[in-house]
Amino acid sequence: MLRWAARILSGILLLLFTVFTVAEGLPGPSSLSAAEILMFLAVITMLAGLVLAFWRESFGCICIFGGYVCFSLIDKQFHITDPFAAFPIVGLLYVGAWLGSSK
């Protein structure tokens, strides 16, 4: 049950970021500051974690949580009320699924 909840939320997040990327486009790297480039890489890490967690929950969780912590540290705040708050929630669901299947 947890695994499918995490997969559904992962799919929604991936779809959301894909739609925004297609609609808005990506800015040129030369127009971004160093902090913005690092934040972009953190988001890419979180998105890769969502995909990876479909097959390997443990590695996907590491990417999701690692990217979220890096993103939050660079941005100097933890995001608990915006779409980025969904990443650790999905990560926790994958942790529950991983722990439940490793018994």
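- A distance-only check finds no donor-acceptor pair linking the side chain of E24 to the backbone of T21 [under 3.5 Å].
- The distance from the CE atom of M46 to the CG atom of L14 is 11.5 Å, given to the nearest 0.5 Å.
- For V95, the side chain to side chain contact (heavy atoms under 4.5 Å, CB included) partners at least two apart in sequence or on another chain are C61, F65, L99.
- Both F71 and L9 belong to a single network of hydrophobic side chains, linked directly or stepwise wherever heavy atoms of I, L, V, M, F, W or Y lie under 4.5 Å apart.
- Taking CG of L93 as the reference point, atom CD1 of I8 lies at 10.5 Å (rounded to 0.5 Å).
- Note that the CD1 atom of I62 and the CZ atom of R56 stand 12.5 Å from one another [nearest 0.5 Å].
- The two residues G67 and A42 come nearest to each other via the heavy atoms O-CB, 3.4 Å.
- Both V51 and V90 belong to a single network of hydrophobic side chains, linked directly or stepwise wherever heavy atoms of I, L, V, M, F, W or Y lie under 4.5 Å apart.
- Distance CG/L15 to CZ/F20: 10.0 Å, rounded to 0.5 Å.
- In this structure, the side chain to side chain contact (heavy atoms under 4.5 Å, CB included) partners of I74, at least two apart in sequence or on a different chain, are A35, L38, M39.
- In this view, C63 and T45, L52 satisfy the side chain to side chain contact (heavy atoms under 4.5 Å, CB included) rule, not counting sequence neighbours.
- P27 meets the side chain to side chain contact (heavy atoms under 4.5 Å, CB included) test with S31, L32; sequence neighbours excluded.
- Atom CZ of F17 has more than 12 neighbouring heavy atoms from other residues, nucleotides or ligands inside a 6.0 Å radius.
- Contact check for F40 versus L26: side-chain heavy atoms found under the 4.5 Å cut-off.
- The minimum heavy-atom distance linking P83 with L13 is given by the pair O-CD2, 4.3 Å.
- Contacts of R3 classified as side chain to side chain donor-acceptor pair (under 3.5 Å), with partners at least two apart in sequence or in another chain: E57, S101.
- Sorted by first and then second residue, the side chain to side chain donor-acceptor pair (under 3.5 Å) pairs with a member in residues 88-97 read S10-Y94; sequence neighbours excluded.
- Separation of the Y68 and F84 ring centroids does not fall under the 6.0 Å cut-off.
- Considering every non-hydrogen atom in both R7 and F54, the closest pair reads NH2-O, 2.9 Å.
- Atoms CG and CD1, on L92 and I64 in that order, are 9.5 Å from each other to the nearest 0.5 Å.
- Annotation: the span from L47 atom CG to T18 atom OG1 amounts to 7.5 Å, rounded to 0.5 Å.
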